[in-house]
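None of the values given here were measured: they were computed from a predicted structure. Each chain gets a letter, A, B and so on, in the order its sequence line appears, and its residues count up from 1.
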Amino acid sequence: NAGVTQTPKFRVLKTGQSMTLLCAQDMNHEYMYWYRQDPGMGLRLIHYSVGEGTTAKGEVPDGYNVSRLKKQNFLLGLESAAPSQTSVYFCASSSGASGRYEQYFGPGTRLTVT
Amino acid sequence: AQTVTQSQPEMSVQEAETVTLSCTYDTSESDYYLFWYKQPPSRQMILVIRQEAYKQQNATENRFSVNFQKAAKSFSLKISDSQLGDAAMYFCAYRRGGGTSYGKLTFGQGTILTVHP
């Protein structure tokens, strides 16, 4: 099992450019999440999904869109990147089974917006 | 809204010694879970230990143990016999219980732990 994978691992964008981050999990998990990590602020939830075809806003959703067309994939899009979106992005998934909801994290994507 | 606070941006410990990382949280819920995650320089988030709020007994995992003080809303992590491989950023995290929480985590700001040989 690869677990949770993220593509790409690093990316540099110019202000105004768009991009999509891909998250894939092979554990048949129902729930998936996107977080961003900034110095001194821990991880903050951007969007999440509780199943194929569903998405919901987290704590810091502005400037991002997501899609979950397939159960195993969760895409995070930046339509017009801004320097404030420079961050490390983490995807996570959990089964939701038995109320345990342990989250498994991907390796992260470091995004720099210049 | 729930908040999680780690008031120690950095901590250091000598190899083989014991160190305690602090975490406080604020919630009005009675059903919740608390976690400590380790993030080494590789950036990978690794679950260290979990505590269910309804359990009075403090969780332990080998050299890692917690001091869970529910009334004080405090959840500290004790690392015994510290090893060089323990050097990392440590995050405290909270999750509300129940199905409608959807497993969402609220994280603290993190504590950087340095281990000196």
Tell me, please, which residues at least two apart from R44(A) pass salt bridge (charged side-chain N to carboxylate O under 4.0 Å, His left out). D38(A)
So does F105(A) get a backbone contact from the side chain of Q44(B), meaning a donor-acceptor N/O pair under 3.5 Å? yes
For K78(B), look at atom NZ and say whether over 12 heavy atoms of other residues, nucleotides or ligands are found less than 6.0 Å away. no
Around atom CD of E79(A), are there more than 12 heavy atoms of other residues, nucleotides or ligands at under 6.0 Å? no
State yes or no: do [X] and [Y] share one hydrophobic cluster built from I, L, V, M, F, W and Y residues joined by side-chain heavy-atom distances below 4.5 Å, directly or via other members?
| X | Y | value |
| --- | --- | --- |
| L84(B) | L21(B) | yes |
| Y32(B) | I49(B) | yes |
| L34(B) | M89(B) | no |
| V66(B) | Y94(B) | yes |
| V19(B) | Y90(B) | yes |

Taking ring pair (Phe, Tyr, Trp, His ring centres under 6.0 Å) as the test, write out the residues that go with Y104(A), two or more places apart. H29(A)
For T109(A) versus R43(B), what's the shortest heavy-atom pair and its separation? N-NH2, 4.1 Å
Over all heavy atoms of both residues, which pair between Q37(A) and F91(B) is shortest? Give the atoms and the distance, please. NE2-CZ, 3.3 Å
Say you draw a straight line from CE of M45(B) to CZ of F90(A); how long is it, rounded to the nearest 0.5 Å? 6.5 Å
Compute both the distance and the angle, then confirm whether R95(B) meets the cation-pi test with Y31(A): under 6.0 Å from the six-membered ring centre, within 45 degrees of the axis. no
Bottom line for L105(B): the part with an atom under 4.5 Å from chain A's heavy atoms is both
Toward chain A, the part of Q39(B) with a non-hydrogen atom under 4.5 Å: side chain
Taking only heavy atoms into account, what residues of residues 106-117 of chain B are found under 4.5 Å from chain A? F107(B), G108(B), Q109(B)
Which region of L43(A), side chain (C-beta onward) or backbone (N, CA, C, O), has a non-hydrogen atom less than 4.5 Å from a non-hydrogen atom of chain B, or is it both or neither? both
In the structure I gave you, are the side-chain heavy atoms of E30(A) and Y102(B) within less than 4.5 Å of one another anywhere? no
Hydrophobic cluster mates of Y64(A), side-chain heavy atoms under 4.5 angstrom, ILVMFWY only, any path? L13(A), M19(A), L21(A), M32(A), W34(A), I46(A), V60(A), V66(A), F74(A), L76(A), L78(A), Y89(A), L111(A), V113(A)
Take E102(A) and Y33(B), measure what side-chain contact (heavy atoms from CB on, under 4.5 Å) needs, and give me the verdict at the end. CA-CA 10 Å; E102(A) 178 176 345; Y33(B) 298 77; over 6 Å; no
Just give me the residue among P9(B), C92(B), G103(B) that pairs up with chain A most often, heavy atom to heavy atom, under 4.5 Å. G103(B)
